[in-house]
Amino acid sequence: MRLFAIGTNRLADRLYLDHAATTPMLPVAIAAMTDGMAHWANPSSPHAEGRAARAALEGARGCIAAVYGWSGEVILTSGASEALAIGLGRSVAERRVISAVEHDAAIRVAAEAAVIAVDASGLIDPTSLDAALGISGRPVVAIQWANSETGVRQPIAALAVTIHAAGGLLLVDAAQMPAGADPAVAEHADFVAISAHKRGGPPGIGALLVRDLATLLPTGGQERGYRPGTENLPAALGFAAALEAPEDLEKMAVLRAKLDDAIARSGGVVVAEGASRHPAIGSYRLPGLAAATQLIRFDMAGIAVSAGSACSSGSMKPSHVLGAMGWSVEASREVVRVSFGRGTNEADIDRFIAEWRGVSRSARAFAA
């Protein structure tokens with residue numbers, strides 16, 4: 001059997017600016033996961049090895065809760081998508097509500113949900129929220145902390161007040177939220193979906209933070225009876241280790257501000273420029289040049305960016321997020337996303353700006 005490896009030497013000179021899709025595993029996470037594999041035993045087994053594995057698993061669970069400032073329960077899942085499916089599908093609620101700019105993972109499991117409109121900046125429209133909450137029956141409401149395409153952040157604390165006043169439950173999709181970045185989430189959310197691979201941990205693991213298990217229907221099996229299947233101890237250890245490595249959001253905000261300014265000065269459009277946004281995510285329109293063409297040009301120049309979220313960019317279908325914000329299909333097809341990670345620096349931003357300006361000049365010359 002032949003194993004295929006990624007050509008790391010071939011990728012060494014490339015610039016990776018697609019951290020919102022996934023960010024490379026941190027060495028500390030790899031080390032923790034490797035140690036977990038070396039000392040693997042089933043955490044549900046009653047013998048000494050199983051008990052040691054259980055202790056390690058609970059230690060990782062406690063770490064995950066602590067770094068997010070969470071005082072409730074932590075249900076380990078295969079990722080944020082499963083966490084959203086559990087929260088939307090098994091919460092003690094009579095109906096589901098999502099915003100028009102939610103991730104495809106939420107839309108897929110709540111196709112019949114009432115939809116909250118957003119304004120031109122991507123922020124939830126209060127009148128539409130009130131209308132969705134005014135229908136009879138207790139709702140569970142799913143809202144992203146920060147949109148994965150545009151980076152637009154929702155005012156979680158204010159939204160929670162409105163939702164709870166209507167008797168609803170708030171499910172926050174915090175896959176893009178660095179641990180501890182917004183205390184309002186830990187203070188006000190009933191459920192929080194998080195993902196390891198967005199934070200430098202391994203793929204294939206995430207968690208649903210639950211304030212009160214009485215608001216969630218159990219299924220039996222592991223994870224306190226709320227998710228069947230043998231627990232992935234090595235991945236849990238890698239997840240916890242990654243979360244303890246800080247993310248410099250102030251540095252990222254400075255870098256994104258520099259990129260925003262350069263794009264605007266060079267004839268580009270900064271998506272949701274006036275809104276509160278994730279410091280590490282920016283979306284930009286280059287008028288007159290399709291995003292698919294831009295991605296090819298950047299990739300040939302050794303730069304990895306994306307169009308839309310990772311789950312939709314492969315299809316190159318029009319962005320439902322930009323559509324909900326009032327963008328035309330034509331304009332939305334000219335938008336690419338740039339996102340930073342822990343190692344992104346000013347030289348990286350300068351390199352991308354130089355390439356973007358070159359692509360922009362070529363587009364204008366072709367149009368002429």
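The basis for the numbers below is simple: all heavy atoms, side chains too, and nothing from hydrogens, waters or symmetry mates.
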*Are the side chain of E223 and the backbone of P228 linked by a donor-acceptor contact shorter than 3.5 Å?*
no
*Please examine the side chains of V192 and Y68, heavy atoms only from C-beta on, and report whether any two atoms are closer than 4.5 Å.*
no
*Compare all side-chain heavy atoms of M25 with those of P202 and state whether any distance is below 4.5 angstrom.*
yes
*asked:* Just so I know, are the side chains of I281 and R337 near enough to count as touching, which here means a heavy-atom distance under 4.5 Å?
replied: yes
_Go through it in stages, so that I can follow the logic: the residues are E355 and R351, the test is salt bridge (charged side-chain N to carboxylate O under 4.0 Å, His left out), and I'd like the CA-CA distance, side-chain angles, deciding distance and then a yes or no._
CA-CA 6 Å; E355 190 60 36; R351 178 178 169 183; over 6 Å; no
*asked:* Could you tell me if R211 sits above the aromatic ring of W70, with its cationic atom closer than 6.0 Å to the ring centre and no more than 45 degrees from the axis?
replied: yes
*Following the transitive rule for hydrophobic clusters with a side-chain heavy-atom cut-off under 4.5 Å over Ile, Leu, Val, Met, Phe, Trp and Tyr, establish whether I107 and V118 coincide in one cluster.*
no
*Looking only at heavy atoms, what is the nearest atom pair of G201 and A29, with distance?*
CA-CB, 4.3 Å
*So, H103 and N147: side-chain donor and acceptor under 3.5 Å apart, yes or no?*
no
*For D18 and S339, run side-chain contact (heavy atoms from CB on, under 4.5 Å): C-alpha distance rounded to whole Å, both residues' side-chain angles, the deciding distance at 0.1 Å, then the answer.*
CA-CA 5 Å; D18 196 20; S339 49; 4.1 Å; yes
*So do the side chains of V172 and I143 get within less than 4.5 Å of each other, counting heavy atoms only?*
no
*CG-CG distance between L159 and L133, expressed to the nearest 0.5 angstrom*: 9.5 Å
Result block: side-chain N/O donor-acceptor pairs under 3.5 angstrom for residues 214-222, not counting sequence neighbours:
unit_1	atom_1	unit_2	atom_2	d
T215	OG1	D212	O	2.6
Q222	OE1	G229	N	2.7

*asked:* Strictly distance-based, threshold 3.5 Å: is any side-chain N or O of R96 a donor or acceptor partner for the main-chain N or O of V109?
replied: yes
_For a quick check under 3.5 Å, do T22 and H197 share a side-chain donor-acceptor pair by atom type?_
yes
_Y16 with V305, same ILVMFWY side-chain cluster at under 4.5 Å_ = no
*Could you tell me whether a side-chain N or O of K258 sits under 3.5 Å from a main-chain N or O of I349, the two making a donor and an acceptor?*
no
*S78 side, atom OG; I86 side, atom CD1 - distance, nearest 0.5 Å*: 7.5 Å
_Salt-bridge contact R285-E334 (side-chain N to carboxylate O under 4.0 Å)_ = yes
_Quick check against the 3.5 Å criterion: does T293 have a side-chain atom that pairs as donor or acceptor with the backbone of L289?_
no
*What do the steps show when you test L171 against D190 for side-chain contact (heavy atoms from CB on, under 4.5 Å), and what is the final call?*
CA-CA 6 Å; L171 166 58; D190 298 289; over 6 Å; no
*So do L255 and E346 actually touch side chain to side chain, heavy atoms under 4.5 Å?*
yes
_Can you tell me if H39 has over 12 outside heavy atoms packed within less than 6.0 Å of its NE2?_
no
*How about S44 and T230: do any of their side-chain heavy atoms sit closer than 4.5 Å?*
no
*Heavy atoms only: give me the nearest E231-W40 pair and the separation to one decimal.*
O-CH2, 3.5 Å
*How many angstroms lie between CD1 in I156 and CG in L170, if you round to the nearest 0.5 Å?*
6.0 Å
*Distance-only, no hydrogens or angles: does the R199 side chain make a donor-acceptor pair with backbone N or O of A175 under 3.5 Å?*
yes
*Would you confirm whether R342, through its side chain, and L26, through its main-chain N or O, come within 3.5 Å as a donor-acceptor pair?*
no
*Nearest heavy-atom neighbours spanning L208 and G87*: CD2-N, 4.0 Å
*asked:* Between E82 (side chain only) and G206 (backbone N and O only), is there a donor and an acceptor less than 3.5 Å apart?
replied: no
*Can L286 and W356 be said to form a side-chain contact (heavy atoms from CB on, under 4.5 Å), step by step?*
CA-CA 9 Å; L286 200 168; W356 195 92; 3.6 Å; yes
*Partner of I116 under side-chain contact (heavy atoms from CB on, under 4.5 Å), chosen from D130, V101, V141*: V141
*May I have the step-by-step check of side-chain contact (heavy atoms from CB on, under 4.5 Å) for V335 and V269, ending in yes or no?*
CA-CA 9 Å; V335 174; V269 177; over 6 Å; no
Throw together a table of side-chain donor-acceptor distances under 3.5 angstrom for residues 319-326, partners on residues two or more places apart or in other chains.
unit_1	atom_1	unit_2	atom_2	d
S319	OG	E149	OE1	2.6
S319	OG	V321	N	3.2
S319	OG	L322	N	3.1
H320	NE2	E102	O	2.8

*Close side-chain approach of V152 and L123, heavy atoms under 4.5 Å*: yes
_CD-OG distance between Q176 and S195, expressed to the nearest 0.5 angstrom_ = 8.5 Å
_Do I194 and V74 land in one hydrophobic cluster if side-chain heavy atoms of ILVMFWY residues count as linked below 4.5 Å?_
yes
*Would you find a donor on one side and an acceptor on the other, under 3.5 Å apart, between the side chain of R277 and the backbone of R153?*
no
*asked:* For T344, is there any backbone N or O sitting under 3.5 Å from a side-chain donor or acceptor partner on K251?
replied: yes
*Can any side-chain N or O of R357 pair as donor or acceptor with the backbone N or O of F352 at less than 3.5 Å?*
no
_Polar contact flag, side-chain donor to acceptor under 3.5 angstrom, D260-Y284_ = yes
*Identify the two heavy atoms, one from P287 and one from G268, that lie closest to each other, and give their separation to 0.1 Å.*
CD-CA, 4.4 Å
*Determine the minimum heavy-atom distance between P178 and L249, stating which atoms define it.*
CG-CD2, 3.6 Å
*asked:* Just verifying a value: how many Å separate L295 CG and S306 OG, rounded to the nearest 0.5 Å?
replied: 7.0 Å
*Interatomic spacing from CD in E244 to CD1 in I64 - rounded to 0.5 Å*: 10.0 Å
*Check whether V140 and I163 end up in the same hydrophobic cluster, where Ile, Leu, Val, Met, Phe, Trp and Tyr are linked by side-chain heavy atoms less than 4.5 Å apart.*
no
*For L237 and A56, work out which heavy atoms get closest and say how close.*
CD2-O, 3.8 Å
*Do the side chains of I98 and L129 join up, straight or via other hydrophobic residues, at under 4.5 Å, putting them in one cluster?*
no
*Side-chain contact test, heavy atoms from C-beta onward, threshold under 4.5 Å: evaluate it for R227 versus T77 and give yes or no.*
yes
*Side chains of W145 and D173: donor-acceptor distance under 3.5 Å anywhere?*
no
